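Positions are given from 1, in the same order as the sequence printed here. The figures that follow rest on heavy atoms only: side chains count, while hydrogens, waters and symmetry mates do not. Only a predicted model underlies this, so the values are computations on that prediction, with no experimental measurement involved.
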Amino acid sequence: MPTSDARCADLHALLRTRVADHGERAAYVLLGQDLEASQTLSYASLGRAAEATARHLRARTSPGDRVLLAFDNGLEAVQLFWGCILAGVVPVPAPAP
(Lines give C-alpha, C1' and ligand atoms only; values in the text may rest on other atoms or scores of the structure.)
Protein backbone atom coordinates (compact mmCIF):
# COMPACT_ATOMS: atom_id res chain seq x y z
CA MET A 1 0.00 0.00 0.00
CA PRO A 2 1.51 3.37 -0.96
CA THR A 3 2.10 5.89 1.77
CA SER A 4 0.59 9.35 1.69
CA ASP A 5 4.01 10.65 0.65
CA ALA A 6 3.57 8.96 -2.74
CA ARG A 7 0.86 11.56 -3.55
CA CYS A 8 3.22 14.46 -2.96
CA ALA A 9 4.88 16.24 -5.85
CA ASP A 10 6.67 18.85 -3.71
CA LEU A 11 7.22 20.03 -0.13
CA HIS A 12 4.02 22.12 -0.17
CA ALA A 13 1.98 19.04 -0.98
CA LEU A 14 3.89 16.96 1.55
CA LEU A 15 3.10 19.32 4.41
CA ARG A 16 -0.56 19.65 3.44
CA THR A 17 -0.90 15.87 3.11
CA ARG A 18 0.72 15.29 6.50
CA VAL A 19 -1.57 17.86 8.13
CA ALA A 20 -4.63 16.19 6.58
CA ASP A 21 -3.51 12.64 7.37
CA HIS A 22 -1.97 13.11 10.81
CA GLY A 23 -3.56 16.25 12.31
CA GLU A 24 -2.79 16.21 16.02
CA ARG A 25 0.03 13.66 15.83
CA ALA A 26 3.46 14.98 16.73
CA ALA A 27 5.38 16.38 13.78
CA TYR A 28 8.35 17.59 15.85
CA VAL A 29 9.41 16.82 19.40
CA LEU A 30 12.13 18.71 21.26
CA LEU A 31 14.00 16.83 23.94
CA GLY A 32 15.16 18.34 27.22
CA GLN A 33 18.41 17.68 29.06
CA ASP A 34 16.94 14.44 30.43
CA LEU A 35 16.11 13.30 26.86
CA GLU A 36 12.41 13.50 27.67
CA ALA A 37 10.00 15.40 25.41
CA SER A 38 10.00 19.05 26.48
CA GLN A 39 7.94 20.52 23.61
CA THR A 40 5.79 18.99 20.91
CA LEU A 41 4.42 20.47 17.70
CA SER A 42 1.53 18.72 15.96
CA TYR A 43 1.10 18.60 12.20
CA ALA A 44 -2.06 20.70 12.53
CA SER A 45 -0.30 23.39 14.58
CA LEU A 46 2.65 23.36 12.21
CA GLY A 47 0.33 23.76 9.22
CA ARG A 48 -1.51 26.71 10.78
CA ALA A 49 1.69 28.50 11.83
CA ALA A 50 3.42 27.87 8.50
CA GLU A 51 0.41 29.17 6.54
CA ALA A 52 0.28 32.33 8.69
CA THR A 53 4.00 32.90 8.18
CA ALA A 54 3.66 32.29 4.44
CA ARG A 55 0.86 34.88 4.15
CA HIS A 56 3.02 37.43 5.96
CA LEU A 57 6.04 36.67 3.76
CA ARG A 58 4.08 36.74 0.48
CA ALA A 59 3.00 40.31 1.26
CA ARG A 60 6.61 41.42 1.77
CA THR A 61 8.76 39.27 -0.51
CA SER A 62 8.91 37.83 -4.00
CA PRO A 63 9.27 34.13 -4.87
CA GLY A 64 12.92 33.12 -4.71
CA ASP A 65 13.92 35.86 -2.25
CA ARG A 66 16.14 34.77 0.62
CA VAL A 67 14.87 35.19 4.18
CA LEU A 68 17.29 35.13 7.10
CA LEU A 69 16.02 33.07 10.04
CA ALA A 70 18.18 34.16 12.98
CA PHE A 71 16.74 32.05 15.80
CA ASP A 72 17.93 29.54 18.31
CA ASN A 73 16.92 25.99 17.54
CA GLY A 74 13.33 25.42 18.54
CA LEU A 75 9.81 24.97 17.35
CA GLU A 76 9.49 28.61 16.28
CA ALA A 77 12.40 28.11 13.88
CA VAL A 78 10.68 25.02 12.44
CA GLN A 79 7.43 26.93 11.90
CA LEU A 80 9.23 29.81 10.21
CA PHE A 81 11.26 27.45 8.01
CA TRP A 82 8.09 25.75 6.74
CA GLY A 83 6.43 29.16 6.28
CA CYS A 84 9.29 30.12 3.97
CA ILE A 85 8.83 26.89 2.00
CA LEU A 86 5.10 27.57 1.57
CA ALA A 87 5.75 31.19 0.57
CA GLY A 88 8.25 30.14 -2.09
CA VAL A 89 11.17 31.97 -0.52
CA VAL A 90 14.53 30.48 0.43
CA PRO A 91 15.00 30.05 4.21
CA VAL A 92 18.54 30.85 5.35
CA PRO A 93 18.97 29.54 8.92
CA ALA A 94 21.56 31.32 11.09
CA PRO A 95 22.33 31.27 14.79
CA ALA A 96 20.64 33.95 16.88
CA PRO A 97 22.81 37.01 17.54
Side-chain angles (χ1 to χ4, degrees):
M1 172 181 276
T3 65
S4 62
D5 297 348
R7 301 187 312 247
C8 302
D10 56 32
L11 288 174
H12 301 191
L14 176 64
L15 180 59
R16 290 185 178 108
T17 299
R18 290 287 176 95
V19 168
D21 290 352
H22 301 295
E24 293 305 319
R25 276 185 63 197
Y28 291 90
V29 177
L30 293 184
L31 302 179
Q33 294 289 345
D34 57 0
L35 299 182
E36 296 292 325
S38 64
Q39 295 180 18
T40 302
L41 179 64
S42 71
Y43 284 100
S45 294
L46 173 59
R48 286 189 299 273
E51 288 289 350
T53 298
R55 281 190 301 278
H56 179 81
L57 288 170
R58 285 185 200 111
R60 292 159 179 81
T61 62
S62 297
D65 283 354
R66 290 163 189 84
V67 175
L68 181 64
L69 301 179
F71 286 91
D72 291 326
N73 291 332
L75 297 181
E76 185 177 25
V78 171
Q79 294 167 344
L80 293 172
F81 179 88
W82 277 102
C84 287
I85 298 298
L86 294 183
V89 298
V90 179
V92 180

query: Considering all heavy atoms of both residues, which atom of Leu86 and which atom of Arg16 are nearest to each other, and what is their separation?
result: CD2-NH2, 4.1 Å
field: hydrophobic_cluster_shared for Tyr43 and Val29, side chain cutoff 4.5 Å
entry: no
message: Would a single hydrophobic cluster contain both Leu11 and Leu80, if residues Ile, Leu, Val, Met, Phe, Trp and Tyr are joined by side-chain heavy-atom contacts under 4.5 Å?
response: yes
- request: Scan residues 77-96 for pairs that pass side chain to side chain donor-acceptor pair (under 3.5 Å), counting only residues two or more places apart or in two chains.
  value: Tyr28-Trp82
Show the atom names and distances, to 0.1 Å, of all donor-acceptor pairs under 3.5 Å that link a side chain in residues 34-41 to residues at least two apart or in another chain.
| from | atom 1 | to | atom 2 | distance (Å) |
| --- | --- | --- | --- | --- |
| Asp34 | OD1 | Glu36 | N | 3.0 |
| Ser38 | OG | Leu30 | O | 3.2 |

query: Counting only N and O atoms by type, is there a donor-acceptor contact under 3.5 Å from the side chain of His22 to the main-chain atoms of Ala27?
result: no
field: Residues forming a side chain to side chain donor-acceptor pair (under 3.5 Å) with Thr53, sequence neighbours excluded
entry: none
Residues that Ala52 engages under side-chain contact (heavy atoms from CB on, under 4.5 Å), provided they are two or more places apart: Arg55
message: Using side-chain heavy atoms (C-beta onward) and a distance below 4.5 Å, is Leu46 in contact with Val78?
response: yes
field: ring-ring contact (aromatic ring centres under 6.0 Å, His included) involving Phe81 - partner list, sequence neighbours excluded
entry: none
message: Please give me the minimum heavy-atom distance between Gly23 and Ser42, naming the atom from each residue.
response: O-CB, 3.7 Å
Counting only pairs under 3.5 Å, give me each side-chain donor-acceptor contact of residues 60-76, with atom names and distances, residues two or more places apart or in other chains.
| from | atom 1 | to | atom 2 | distance (Å) |
| --- | --- | --- | --- | --- |
| Arg60 | NH1 | His56 | O | 3.0 |
| Arg60 | NH1 | His56 | ND1 | 3.1 |
| Thr61 | OG1 | Leu57 | O | 2.6 |
| Asp65 | OD2 | Ser62 | N | 2.8 |

